[in-house]
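Working notes for the structure below.
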Amino acid sequence: MAAATAADKVLISTHLADVYSPLQTAAISISTSKPHVPFPPQASDDEPPPEHAQYASFFHSVQTGVILLRLIHNGLIVELVSLSTETPPIRFVFPYTVLPNPAVVLWETRELHILAVTASGSLFRIVLPLQTPQQLWSSHMVNNWCREYHLKYVKEYLQALVQVQGTHSVALALTNGSLIRLDAENIGDKTSADHWTENLFHHNTFLASLTSFLHQGSTDGSHIIAAASHPQPTDIGHVWTLSRDRTLRLWTARSGCTSAKLLPSVASPGREPSPSTSTSSSKPSVLLDTAPQKLIIVYDGPNVLVFIPTPSSSSSGGFFQLFTAANDHLQLVETFEASRESAHCHLQDFAVINGHLHTLWDHQGQAAVEILDIPMSDVSNEPEAVGWRVVRYPYEPDLTPAYLDELLLSPGSLTDRLFSAVMRPGVFSTYTLRTAIGQYTDACRSLPGPPPAPLITSYISLGEQIAAVVGCTVTLSRDTQTGALQYDKYWVSLKRDWEGFIARCRAVERSARWPLALGTGPRGEVLVAERERTGALAVEDLPLRLHRHLRADLGAEPQFAVCEIAWNLRTRIGPRALRALEGRVVDLTQQEVAFPFADIIADTAARSAFRDSLDDGAESWLVGRLQSVTDLDASTRLVLDLVGGFDRAVKMEEDEVELLLPQHVSVYTRMLTAAYAAHSVQARYDFILALIALLFLFAEDLVDWDPSLLTEIFAVFRGIAMLRYAAEQPAFDAVPFTIVDDADEVAARLRTLGMSRTAPAASAPTPALFPCLLEQIGGSAVDAPLAVAAHAFLDMSGLLQATSTAHAARLEALWCERLRSLTFLDAARETLEWLPRTPAVMYVWARLWLDVGRDAEAAEAMDNLAGSFGPYSTLSFEDADALAAVLPGGQLFDSMFGFYLHASSLFKSASFTDHDVHFCRLAISNAPPDWDTNDLWSTVIRGATDLGYWDEAYAALMATPHDMLRRNCAQHLVHRMCEEHAIERFMSFNFVGLVDEVEGSLSFKARNADPRVQPFYSRILYTWYVTHGDYRNAALVMYQRARKLAVLSNTNEPAQYFSLAEQQLEALAVSSNALALLDQKDAWIILPIAPEGLGARQPERKRRKLTRHIPEDRFASGKRDSEIVKLSDVIAEYTLLSAQLDLVRKDPELLHSSATLRSPELVVLRLVQNNRFNLAMATARTLEIDLTDLFSHLTRQCLRLSRNPEAVLSEDTTDWLLTDKVTSWVGTPSDRGWRYLRQSLERHDGPDTNLRYSKVVFETITGLERASTPPPWLIHRLEEHDLEWLIRACMRFELLELALELTLSLVHKAESRLVQDPPKTAMSTWLPYTLIDQLLVATNEQTQSDLSNRAIGLRRDLHREVSNGARRAQKLSHRLYQEL
C-alpha cells in the first residue's frame, strides 16, 4: 500500500468533559487584600457557557509534560489540566475578572507559578510545588502559596493586555498605547512576599514621566490589541505590541518604545531596505477591532511575525509581515498572504513550530490549521514558493434535519435512532448534553399547565434523563370528528421535539468547538485548544486520506480505481437505497451461510431490485469504468487491504516504538487515540460498504469471481462493522455536576468555599467504549504518534484479520470476551450476533447469559461445551486456540471434570444454586478416583436443600461416602425442611444411621428456639417421636414446650397472654395424650428441675426428686436435680391453666394480681365467686382441693333463688343454671337450682368425704334459714350416713322438733334391730344416750310456749321410749347374766 506523505495531516480532538469531570477538580478560592473590590460583573447573554474557555494556552516542559491553562466562568476561574498525566485538574477562583492573558511558568524545575492580573488592579502569583511525575500537584497548598501585589498606576477598573515574560517580568499593554512593566527584584518564599518594581512607558517618548499617566479608557488608534515577547527561556526582555492603527512597536526594558512601524492595511509584497526608527504620521483609515487578538509572534532571531487581518478581502483572511529586531529596531523582511481558504475566516492563533508556520483559523465555527509549505527560514529566499496546506477534522456528519431523516431510514424506533445519534461519542460532550437538556427542561416547564412527571423526576444518568425528558410533552391525541388516534401528528410532533433538542445541542457544541490556541507536545506535535475541546495534528492514514479525497471529488490514485468506482456508486444510489442495502448485508453476514456468496448476492439483489435505484446512464457509466480496470481481482484485493490493513509507514513506526511493551498513558492520550481509531474505522466501513454495493450491482457476474475473495470481503465487512459498532457506543455518563451560571452565584461560592477541597482520586469516567477497550487491549504508548497507536489498537483487536465468516478466530472471540468482562453487556451481545456459534463464541455467550440472569440458556451452553474438553475432544486447532483464549488462565481444561468445576464456580458466584448443584453432580460423576469430593458433595446436598429439592437432597445425603459430611448436612436438611414447613415430607424420610443426629438437632432447636415463632420445633419433634413410637419423649417435648410458654405468658398484656396460654393448654393436652398411651405404671417423664421463677403459674405441687436418696459423690458435679412428672401432674397443670384462662377472659385485670392466679385454692374460689360451679368442681377435684366453700356458696345461691329468683337470674349463671342439662329439667329456677345442688352432692360427696359437703350445705341452710326446714333429701342423706351429727346439728341450730323426731327415729330403729335380732352378748346394742339426755335436757329447759305441740308430744314419746328401753335393757342384761 502507498505510504502517507509527510504533508498528509489530520486534526483529532476530544472533549475535555470526557477526559475529566469538574467534580474531580480541586476548586480553591483566592481572596484579595485590596479594599472595596466590587462584585464581578454579570455575564451577558451572548457570553459562552460557563465551562467554555475564553482563553487557553499550552505549557510544556520535561518535568511537567503538557499542561493546558484555561480561563473559564467569565474570567473568574483559572484552570490547569495535565494532558500528559492523570493528575486531577485544579481550579483557582479569583475574586474579580482575570485579564487576558494569564500564564503558567516553571520556576527552578520544582514549582509552577501562575501569574494573573485582575481587572481590580492586582497581580497574583500562585505557587504550585511539583510532586511526582504522575501526580504533578496537590490541592493541599503550601504556606504563602498565593501572593498579591497591588498595581500603583491603577486607580479604577483596569483594561489591559497582559504579557507574561517569565517568573520575574510581566508587561501590561494599556488601551491608551502605554505599557506598564513589572519586574520582580526577588521572588518570595513561604514566609516572604514578592518585591515588584513598576514602570510606566509611553509610546511618544523613550522615558516618560510617571505622572503623565493618561486615562486608560481611550479607544483611539493607540489602543493596544496584541502583545508578544520572546518565548522562554530567554534573556531578551523586549515586548512587541500592535495597536488598532496597525502600529507595531518595540519596547525595551530600559528605554521603553525604541522602534515603531506603521503596517499597511493591504498586502504589498516586497521588503523595505532601511527601516524607519520613528513613528509614521500616516494612519490607516480603518482601525482594527478592539478585542485582544493574537497578531504577533516572536521566534528565534529574534524574528517578529505580524498578521494584519483583512476581513473584507475575498482572496484571503489577511497577510503576514516578517520583521527582524536586530539592534532594537524593526526591519521588514518579507510580506506574504494567507491562503485563499482563509477568506472571511478569523485567525485565532499562529506559531512557528518545527521551523514551519502553523496558523489556527475559525473556519465557519470549526478549527482549521494551515501550515506553510516551506520553512520560515526560506521565506525570504523563496517568497514565490509560499504555499499552504490545510489540515481539518475528518468528516463528521452534522445532525441537520436532513441527516436525521436519513438516520430514520434505518430499522428501529424514532427515539432509539435519534437518541443513539445524540449519544454517539465525539458528537456532543457531556457538558453540551447537560446544558441542552437543562435548557429544554426550562422551556417545557414554562408551558402552561402542570409540568409532566418526567420533568420533575431525578435521574441516575444523563442518558436516562435525555431519553425520558425529550418528547415528554408530546401526547397522542384523537381526531375531534372521528375519534381515531392521530399517530401521524404524534410522530411529527415527537420528531419536532427531538429536532429542537438536537438544535440546542448543536448551538452549545458550536461554541465548544471555537478554536483558541496552538501549542506543542513532547514530540513536537501540534496541539490545538478549543473552548471545550483539545486535540492534536496527526499523520493522516491512507483510508482517511482517500476518504477525504473522494468526498471532495479529488479523485484517487490509479491503483484505487475500484474504490473510486464503488464510491461513485455509493453517491449515486442515494441514502435510502444505501441504508436498505446495509440492512440486508448485516442480516446476511450475521446468518450462517450454507450457499456460495455469489448465489446469495444474486438472489438478494434480484429480490431487492437493487439495479432500479440507478438510472440507465449511471449504470452504463459504472459498467464502462469497471471494464476499464485491467486486473479486477487484484484491484478488489487492494480495496480489502485498504480496509483491513495498515500503512507501511505506520507499521514501521510501530516496530520502532515497540508498542507491545506495557506503558502508562494518560486519559487524554487514550481519548485521542480512540477518536483517531474511530474516524479511521468509519472511513474503512464506508469503503467496504461501497465495495459490497458494487458487488450487488454486478451480482450476475459474480459466478466468475473467486469464491474465497467474496468470502473474504464479507469477513472484512464483519470485522469492520464490529469495530464501527464499538466505536459508536457510549460507555456511561460522566459524573453530574453543578453549573455556575452567573457572577452572583460565583460570589456566593467564594464566601462559602474553603481554602481547598480535595477531589476524588479516581480518574474521570470515559463516555465511550473505545477508550475502555484501548486501556485494556493496549496499543497506545507514551512516545508513539497518534496514528501509530490507533493502528496498533486496531491491529491488536484482531477483527480485521478474518478471511471467512464461517469461523470465529481467536482474537474475535477474545474481543467479545473483553466487552463482556468490561460489563458492556449490550455491546457484547450485539457483537456476538456477528460470529458463528463456535465453542469459543458459545462460551462467551454462556458467560454473557449468566451475567444478564438468563441462567437456563447459560447452563445449556455449558452442558454442550463439556464435550470440547478431555482426551476425546474433536476440536480443531483453530477452535481449540480460540476457546483457550477466552477461558480463565488462557488454556483448555484437561478433562471434563475440570470444566465442570469451572462451570460450578461460575454459577455459584452468580448465586444460581440450581445449576451449581447440577454441575457439581456432573463433576462428581467425572471426578478422578483420588480426588477429594467432600466439597462437591457438600455443594450438592446443601444446594438441593436450599432449593427445596427434598428428595434429591435426601438421596444425595444418603449416597455421599463422607460420614462426617453426612452428619453435618443432615442437621442442615432437617432445619431447612422445618423452616420451609415440609414436615410431612420430612416425616417420610427414615434417616437410617442418622436418627441420633436428627433427634439431637431437633431437640436443640426445641430447647432454644422461641416457642412462639414458626417453625414450632417442639411440635415437629413430638411428631417425630410419635411416628417412631417413642411416646415418653414425645410427652416430654410437649411438656417442656408448655413450661417455656408458661414463662413467656407471665405478662400483663391480655392478647399476648391468651395466645400463649392457649398454646400452653394445647401442649399440655398433647403431652397428657402421649403419656396416656403408655402403661399407667410407666406414665411419667423425667426433666431437670426448673430454676425458681420459671413456670410462675404452675400448680403448687410437691416435686419428686430422683436424687433425693443418691449421695452427691455418686454423680458428676454441676448436674442439676431431676424431677418426675406423672400423667396426673400434667392433667393437674392443664386443669389449673384452663381455669386461670377462664378467669382472665372474664376479668383481664386479674393479670395484674399474680397471687390470685398463682394459688389453686384462690383460683377455685374465684371461680366460685363467678358462679363457675361446674368448672370449679372439676378443677377442685383434679387438684384435690376442698369444696367446702364451693358448696356453701352454691347453697346460698339456691336460697337466694328461693327468695328472689330475679336477682340471681340477672347474674351470670351460664355455668350451672343455664346449661343444656339444667334447663331441660322441669320446675322453677329454684327447683332446678336445688336439683343441681343435690346432684352435685351426689357426685362429689359421699362416704369417702364423710359427707362433709352435705353437712356444709345443711349448716348453711339452717344457719341462714332457721325458720325453714332443710330439704328432706338432704336430711335423708345425712340421716342415712351420720344421724348423730345431724341430731347435734339440729340441736346447735335449735331445730329441737327435728332433733326429737330424728332421735325418736333412731330409738325406733334400735328397738327394731333388737327385736329382730336379739343380742348374744352385753353391749351389743348402742344408743347415743348422752346425746339423748342432752336433747331431753334442752327440750325440758324450753318453756311450753317455745315448743310446738308436736315437739312436746315427740319429747314425751322419746322420754317414754328411752325409759322403756332402759327397763328392757335391764331385763335383757339380767337374763343374759343368768344364762352365763
Side-chain angles (χ1 to χ4, degrees), residues 20 22-34 37 57 59-73 76-96 98 102-118 120 122-151 162 164-170 182-196 232-233 749-762:
Y20 72 95
L23 281 185
Q24 294 175 294
T25 63
I28 302 174
S29 63
I30 297 176
S31 59
T32 178
S33 60
K34 192 171 186 178
V37 175
S57 64
F59 174 80
H60 172 257
S61 69
V62 177
Q63 293 81 7
T64 62
V66 180
I67 296 176
L68 174 65
L69 183 145
R70 303 172 70 232
L71 186 61
I72 57 177
H73 285 267
L76 292 176
I77 297 178
V78 173
E79 178 186 59
L80 293 186
V81 182
S82 175
L83 301 182
S84 301
T85 69
E86 295 193 14
T87 305
I90 189 169
R91 292 183 173 187
F92 298 95
V93 184
F94 284 82
Y96 206 70
V98 177
V104 57
V105 293
L106 183 65
W107 168 248
E108 295 183 351
T109 70
R110 55 188 174 87
E111 289 180 347
L112 285 176
H113 289 194
I114 300 176
L115 296 173
V117 179
T118 62
S120 59
S122 295
L123 169 62
F124 289 91
R125 181 191 298 272
I126 300 172
V127 179
L128 279 177
L130 294 179
Q131 306 289 326
T132 63
Q134 292 303 322
Q135 187 72 24
L136 295 182
W137 53 71
S138 171
S139 60
H140 301 286
M141 310 304 292
V142 298
N143 294 334
N144 201 24
W145 61 273
C146 180
R147 306 160 195 170
E148 181 181 8
Y149 171 75
H150 300 165
L151 299 179
V162 180
V164 178
Q165 293 184 276
T167 57
H168 292 72
S169 180
V170 178
L182 299 168
D183 293 296
E185 295 180 356
N186 72 348
I187 297 177
D189 52 22
K190 295 182 179 180
T191 58
S192 62
D194 299 344
H195 295 282
W196 295 90
Q232 296 295 316
R749 288 192 176 191
L750 292 180
R751 295 187 179 95
T752 58
L753 192 63
M755 290 303 295
S756 66
R757 183 179 67 211
T758 303

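What you see below is based on every heavy atom in this structure, not just the backbone, and it leaves out hydrogens, waters and symmetry mates.
If you check the side chains of Thr109 and Gln63, you find no donor sitting under 3.5 Å from an acceptor. For the residue pair His150 / Ser33, a side-chain donor-acceptor distance below 3.5 Å is found, with atom types taken as modelled.
The shortest non-hydrogen separation linking Leu76 to Tyr96 is CD2-C, 3.7 Å. For Gly166 against Leu115, the heavy-atom pair with the smallest separation is O-CD1, 3.3 Å. The nearest pair of heavy atoms linking Ser138 to Ile90 is O-CD1, 4.2 Å. Between Lys190 and Arg147 the shortest heavy-atom distance is N-NH2, 4.3 Å.
Taking OG from Ser57 and CG from Leu71, the interatomic distance works out to 9.5 Å, rounded to the nearest 0.5 Å. Atom OG1 of Thr25 and atom CD1 of Ile77 lie 8.5 Å apart (nearest 0.5 Å). The distance from atom OG of Ser61 to atom CG of Leu130, rounded to the nearest 0.5 Å, is 7.5 Å. Within the model, atoms OG1 of Thr64 and CG of Leu83 stand 10.5 Å from one another, a figure rounded to the nearest 0.5 Å. One finds the CZ atom of Arg91 at 14.0 Å from the OG atom of Ser29 (value rounded to the nearest 0.5 Å). To the nearest 0.5 Å, the span separating CH2 on Trp137 from OG1 on Thr132 amounts to 11.5 Å.
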For a side-chain contact (heavy atoms from CB on, under 4.5 Å) check, start with the C-alpha distance between Phe92 and Leu128, then their side-chain angles and the critical distance, and finish with the verdict.
CA-CA 11 Å; Phe92 298 95; Leu128 279 177; 4.0 Å; yes
Candidate pair Leu80 and Thr87, rule side-chain contact (heavy atoms from CB on, under 4.5 Å), full reasoning
CA-CA 10 Å; Leu80 293 186; Thr87 305; over 6 Å; no
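For Arg125 (side chain) and Ala193 (main-chain N/O), no donor-acceptor pair under 3.5 Å exists by modelled atom type. Counting only distance, with no hydrogens or angles, the side chain of Lys34 and the backbone of Ser122 share no donor-acceptor pair below 3.5 Å. Remark: side-chain polar atoms of Asp183 are not paired, donor with acceptor, to backbone N or O of Ser169 under 3.5 angstrom. A donor-acceptor pair is defined here as one N or O able to donate and one able to accept, closer than 3.5 Å; no such pair exists between the side chain of Asn143 and the backbone of Thr191.
Phe94 and Phe124 have perpendicular rings, their planes meeting at more than 60° on a 0 to 90° scale where under 30° would count as parallel.
Separation of the His140 and Trp145 ring centroids does not fall under the 6.0 Å cut-off.
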